[in-house]
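Handing you a structure now.
Basis for what follows: all heavy atoms, side chains included, without hydrogens, waters or symmetry-related copies.
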Amino acid sequence: MEYRQLGRSGLKVSAITMGTMTFGGVGWAKTVGDLGIDEARRLVDLCIDAGVNLIDTADAYSDGLCEEILGEIIGGPRKKGVLIATKARFPMGDGPNNAGLSRQHLIRACEDSLRRMKTDVIDLYQVHEWDGLTPVEETMEALDTLVKQGKVRYIGCSNFSGWHIMKALGVSERDRYQRFVSQQIHYTLETRDAENELVPISVDQGLGILVWAPIAGGLLSGKHRRNQATPEGTRQFAGWTEPPIRDEDRLWNIVDALVEIGAGRGVSAAQVALAWLLGRPAVTSVIVGGRTEAQFKDNLSSADLKLTDEERSKLDQVSLPWLQYPYWHQRNTASDRLGPADLSLLAPYLG
């Protein structure tokens with residue numbers, strides 16, 4: 001297993017992170033999975049034995065049950081070197097203060113997560129989504145407080161836009177609060193929107209990227225193919241709608257390329273998709289989940305798969321999105337003065 005530095009921090013995390021959304025199966029999460037503690041324990045042990053040192057969860061997964069299951073497995077005297085990441089923002093009750101990024105909700109949510117997971121510290125505490133009603137100064141001060149209290153070691157964000165991140169980083173710098181070390185985002189061959197702002201910001205500002213749903217909820221696994229019925233037992237068969245498919249023909253062209261490359265290397269399409277991500281700028285780790293040992297074993301193998309330049313070029317071209325403004329204008333008129341962050345997006349378009 002490869003270990004990579006998380007942003008500007010001194011923390012090193014495995015290139016593969018274990019995702020736990022399949023634990024519990026309460027409410028909306030049942031569509032993803034409903035693993036009990038014994039099944040979950042086997043998968044956690046499998047990942048740790050393979051060298052995974054970061055396990056990601058969230059309080060909103062199965063209304064806290066996911067964190068409770070994780071706490072039963074690794075809580076108390078934690079297995080050596082295992083890091084826990086969790087998130088807060090979404091509703092955890094019906095009250096008016098049981099959601100959002102207010103000081104009230106964040107501090108209570110953190111304390112509740114610590115209790116559920118039977119631990120005294122969260123290694124990476126992430127705000128799960130933007131809150132446009134709470135001043136960002138209040139949010140960053142609350143996170144800073146949690147670090148100073150010793151309840152949290154590092155902080156990150158998830159699902160923020162570019163200006164949300166820069167505003168938060170600006171407040172941290174101005175007020176000398178703890179700074180985000182990472183962002184957790186959706187980023188795949190099928191959905192490369194993050195390359196417009198989020199990847200360049202990560203390159204420029206030194207944020208590590210953790211990728212959620214790195215094979216697009218299974219769409220890039222090779223199980224879903226052009227003109228074939230949706231396989232039973234998959235998330236899509238159960239009605240899962242993330243990510244949205246904007247161009248179905250483009251999706252199947254990408255899947256065809258993944259399957260072709262995988263067949264030539266003797267690996268799955270999923271491994272190829274994950275290996276592509278692990279070679280992208282600022283990507284620190286991909287978060288893999290699943291319901292079976294076979295799924296995890298296959299995904300874990302992607303950490304050892306190194307794509308050739310030719311294979312990468314093929315995948316880049318079949319998935320290349322059209323440039324939005326102002327990027328097409330920058331390609332046409334600013335190519336003589338582009339920095340590393342700019343080139344993380346524009347380099348493939350410069351010819």
Side-chain angles (χ1 to χ4, degrees), residues 17-37 40-41 43-44 54-76 78 82-134 138-147 149-160 164 168 178 180-186 210 212-213 242 287 289:
T17 295
M18 182 183 189
T20 60
M21 196 188 291
T22 54
F23 295 3
V26 173
W28 59 265
K30 188 172 181 62
T31 301
V32 181
D34 56 358
L35 300 181
I37 186 167
R41 189 189 307 276
L43 296 178
V44 169
L54 180 60
I55 301 177
D56 180 74
T57 188
D59 59 3
Y61 297 167
S62 291
D63 296 335
L65 179 57
C66 182
E67 287 186 332
E68 290 180 10
I69 291 173
L70 190 58
E72 289 296 322
I73 297 170
I74 65 171
R78 199 185 298 183
V82 175
L83 306 169
I84 294 176
T86 192
K87 303 180 281 292
R89 155 62 171 85
F90 292 116
M92 292 298 292
D94 296 329
N97 292 310
N98 287 337
L101 299 181
S102 67
R103 181 185 298 106
Q104 168 73 17
H105 180 67
L106 274 180
I107 291 177
R108 175 178 290 178
C110 179
E111 292 170 347
D112 287 345
S113 289
L114 290 168
R115 172 181 49 79
R116 283 190 290 263
M117 294 191 292
K118 298 183 179 181
T119 186
D120 58 359
V121 64
I122 294 165
D123 299 289
L124 177 61
Y125 198 49
Q126 303 156 106
V127 287
H128 206 162
E129 177 66 89
W130 175 252
D131 175 0
L133 298 181
T134 299
E138 179 177 340
T139 298
M140 301 312 295
E141 187 273 336
L143 292 171
D144 187 74
T145 296
L146 290 171
V147 173
Q149 289 176 340
K151 296 173 182 176
V152 169
R153 291 201 172 113
Y154 298 94
I155 60 172
C157 62
S158 181
N159 304 312
F160 275 33
H164 295 155
Q178 292 294 317
F180 291 145
V181 300
S182 63
Q183 57 168 325
Q184 187 177 140
I185 64 174
H186 183 65
L210 307 175
W212 62 263
E242 291 189 350
I287 303 170

* To do: Scan Leu114, Leu83, Leu146 and name whichever one has a side chain to side chain contact (heavy atoms under 4.5 Å, CB included) with Ile122.
  => Leu114

* **Spacing of OG1 belonging to Thr134 relative to CD belonging to Gln104, to within rounding of 0.5 Å** => 11.0 Å

* Asked: Has the side chain of His128 got a donor or acceptor atom that lies under 3.5 Å from a matching backbone atom of Ala88?
  -> no

* Would you say Ser62's side chain and Val26's backbone share a donor-acceptor pair under 3.5 angstrom? -> yes

* Any side-chain heavy-atom pair of Trp28 and Tyr61 under 4.5 Å -> yes

* Would you say Asp123's side chain and Ala85's backbone share a donor-acceptor pair under 3.5 angstrom? -> no

* To do: Step by step, work out the side-chain contact (heavy atoms from CB on, under 4.5 Å) result for Phe160 and Phe180.
  => CA-CA 12 Å; Phe160 275 33; Phe180 291 145; 4.2 Å; yes

* More than 12 non-hydrogen atoms from neighbouring residues, nucleotides or ligands closer than 6.0 Å to CZ on Arg41, yes or no? -> yes

* Point-to-point distance, once rounded to the nearest 0.5 Å, from NE2 of His105 to CZ of Phe90 -> 10.0 Å

* Val147 and Arg153: CA distance, side-chain angles, deciding distance, side-chain contact (heavy atoms from CB on, under 4.5 Å) verdict -> CA-CA 6 Å; Val147 173; Arg153 291 201 172 113; over 6 Å; no

* Can we say Lys87 and Asp56 salt-bridge, meaning some charged N sits less than 4.0 Å from an Asp/Glu carboxylate O? -> yes

* Step-by-step side-chain contact (heavy atoms from CB on, under 4.5 Å) determination, Glu72 to Lys118 -> CA-CA 8 Å; Glu72 289 296 322; Lys118 298 183 179 181; 2.5 Å; yes

* Looking only at heavy atoms, what is the nearest atom pair of Leu133 and Asp131, with distance? -> N-OD1, 2.9 Å

* Heavy atoms, side chains only, cut-off 4.5 Å: are Asn159 and Gln184 in contact? -> no

* Hey, are the side chains of Thr17 and Ile55 touching, using non-hydrogen atoms and a 4.5 Å cut-off? -> no

* Asked: Is there a side-chain contact between Leu124 and Val181 (heavy atoms, below 4.5 Å)?
  -> yes

* Asked: Does a side-chain heavy-atom distance below 4.5 Å link Val152 with Cys110?
  -> yes

* To do: Please report the closest heavy-atom contact between Leu106 and Ala142, naming both atoms and the distance.
  => CD1-CB, 4.3 Å

* Asked: In Å, rounded to the nearest 0.5 Å, how long is the span from CZ of Phe23 to CG of Leu43?
  -> 6.0 Å

* To do: Start with the C-alpha distance between Arg116 and Leu65, add both sets of side-chain angles, then the distance that settles side-chain contact (heavy atoms from CB on, under 4.5 Å), and finish with yes or no.
  => CA-CA 8 Å; Arg116 283 190 290 263; Leu65 179 57; over 6 Å; no

* To do: Give, for atom CG of Asp120 and atom NZ of Lys151, the distance between the pair rounded to the nearest 0.5 Å.
  => 11.5 Å

* Is any side-chain heavy atom of Leu54 less than 4.5 Å from a side-chain heavy atom of Ile287? -> no

* Structure fact -> d(Leu143 CG, Glu138 CD) to nearest 0.5 Å is 10.5 Å

* Would Trp130 and His164 count as having a side-chain donor-acceptor pair, cut-off 3.5 Å? -> yes

* To do: Would you mind reporting whether Gln126 and Ile155 have side-chain heavy atoms less than 4.5 Å apart?
  => no

* To do: Could you tell me the separation between the OG1 atom of Thr119 and the CD1 atom of Ile74, rounded to the nearest 0.5 Å?
  => 7.5 Å

* Asked: Distance only, no hydrogens: is a donor on one side chain within 3.5 Å (strictly under) of an acceptor on the other, for Thr86 and Glu67?
  -> yes

* Any side-chain donor-acceptor pair under 3.5 Å between Gln149 and Thr145? -> no

* Verify, without hydrogens or angle tests, whether Asp144 (side chain) and Gln178 (backbone) share a donor-acceptor contact under 3.5 angstrom. => yes

* To do: Please examine the side chains of Ser158 and Gln183, heavy atoms only from C-beta on, and report whether any two atoms are closer than 4.5 Å.
  => no

* Asked: Is a side-chain N or O of Thr22 found less than 3.5 angstrom from the main chain of Val32, in a donor-acceptor match?
  -> no

